[in-house]
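Working notes, beginning with the structure itself.
Just the heavy atoms: all of them, side chains too, but no hydrogens, waters or symmetry mates, feed the values below. Chain naming here is simple, since letters A, B, ... match the order of the sequence lines and numbering starts at 1 in each.
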Amino acid sequence: AQTVTQSQPEMSVQEAETVTLSCTYDTSESDYYLFWYKQPPSRQMILVIRQEAYKQQNATENRFSVNFQKAAKSFSLKISDSQLGDAAMYFCAYGSGGGADGLTFGKGTHLIIQP
Amino acid sequence: DVKVTQSSRYLVKRTGEKVFLECVQDMDHENMFWYRQDPGLGLRLIYFSYDVKMKEKGDIPEGYSVSREKKERFSLILESASTNQTSMYLCASIIGGTGGIRGYTFGSGTRLTVV
């Protein structure tokens, strides 16, 4: 079974600084997708960024980027120019094939933004 | 945008009651999912469905059942609620086939308390 590990239960960063959230995963499959989801206090899960395993290039969405190391099975999220609205729980998730069998989530990292 | 609606934001039920959590999506998605979210444990998959009247067990199906009589509606049923089922429940949906690649769309969650 696939597992996703987020080793940082909580992280804190000053506003406008950069922070990196860690995620590692374990799988024997070659075709899969990785995601970062954000869950603010409103509880709505919001897709931040996704990465297709067959793509070498790291995904980027505005201030959010990933460092995808396939051999190391590592998928970290970098948030640049942190803003107060970035404060949330962040979940790393793994999906194989078309993702139709559900995603496997990590336990989450609580990100605190210090003004 | 796809909308996934969970009928109740908060719910308080008594031990032994039969509980129904309802989820409706408005974009003709084939695949729907129920997750349970607990602090420090992340999201865990309870059940999912590929199509009407189809259901598959996820990682933690014990104590739960589901019903999918119509494509847009996926119900989670607690046959006899227990206090250890106090949790946040999240519903999600995707287009069938490779829809999971684009990420899941989540409802805003139902926080269930069993007393």
Under 6.0 Å from the CD atom of A:E29, do we count more than 12 heavy atoms belonging to anything else shown?
-> yes

Please check if the distance between the ring centroids of A:Y37 and B:Y104 is under 6.0 Å.
-> no

Taking the side chain from B:E56 and the backbone from A:D101, do they hold a donor-acceptor pair closer than 3.5 Å?
-> no

Treat each ILVMFWY residue as a node, draw an edge where side-chain heavy atoms are under 4.5 Å apart, and state whether A:V4 and A:M11 are in one component.
-> yes

Could you give the distance from SG (B:C91) to CE (A:M45), rounded to the nearest 0.5 Å?
-> 12.5 Å

Turns out that what part of B:L45 lies under 4.5 Å from chain A's heavy atoms comes down to side chain

Residue from A:G108, A:S42, A:G95 scoring the most non-hydrogen pairs under 4.5 Å with chain B is A:S42

Heavy-atom contact with chain B under 4.5 Å, split by part of A:Q6 | neither

Taking atom CD of A:Q56 as the centre, does the number of heavy atoms from other residues, nucleotides or ligands within less than 6.0 Å exceed 12?
-> no

Taking everything shown except A:K78 itself, do over 12 heavy atoms lie less than 6.0 Å from its NZ?
-> no

Side chain from CB out, backbone as N, CA, C, O: work out which of these in A:L103 comes under 4.5 Å of a heavy atom of chain B, or both, or neither.
-> both

So CE of B:M88 and CD of A:Q39: to nearest 0.5 Å the spacing works out to 5.5 Å

Are any of the side-chain heavy atoms of A:R43 and B:L90 separated by less than 4.5 Å?
-> no

Hey, any chance A:F35 and A:M89 share a hydrophobic cluster, counting ILVMFWY side chains that come within less than 4.5 Å of each other, even indirectly?
-> yes

Under 4.5 Å to a heavy atom of chain A? For B:T110 that would be backbone

Of the non-hydrogen atoms in B:G107 and A:Q44, which two are nearest, and what is the gap between them?
-> O-NE2, 3.7 Å

Crowding at CG, A:N62 (>12 non-hydrogen neighbours, <6.0 Å) = no

Are B:L43 and B:W34 connected, step by step, through hydrophobic side chains (Ile, Leu, Val, Met, Phe, Trp, Tyr) whose heavy atoms are closer than 4.5 Å?
-> no

Can you say whether B:R9 sits under 4.5 Å from chain A via the side chain, the backbone, both, or neither, judging by heavy atoms?
-> both

A:K38 NZ: over 12 foreign heavy atoms closer than 6.0 Å | yes

With B:R36 as the cation and A:F105 as the aromatic partner, state whether NZ or CZ is under 6.0 Å from the six-membered ring centre and within 45° of the axis.
-> no

Report whether B:V24 and B:I77 are members of the same hydrophobic cluster (ILVMFWY, side-chain heavy atoms less than 4.5 Å apart, transitive linking).
-> no

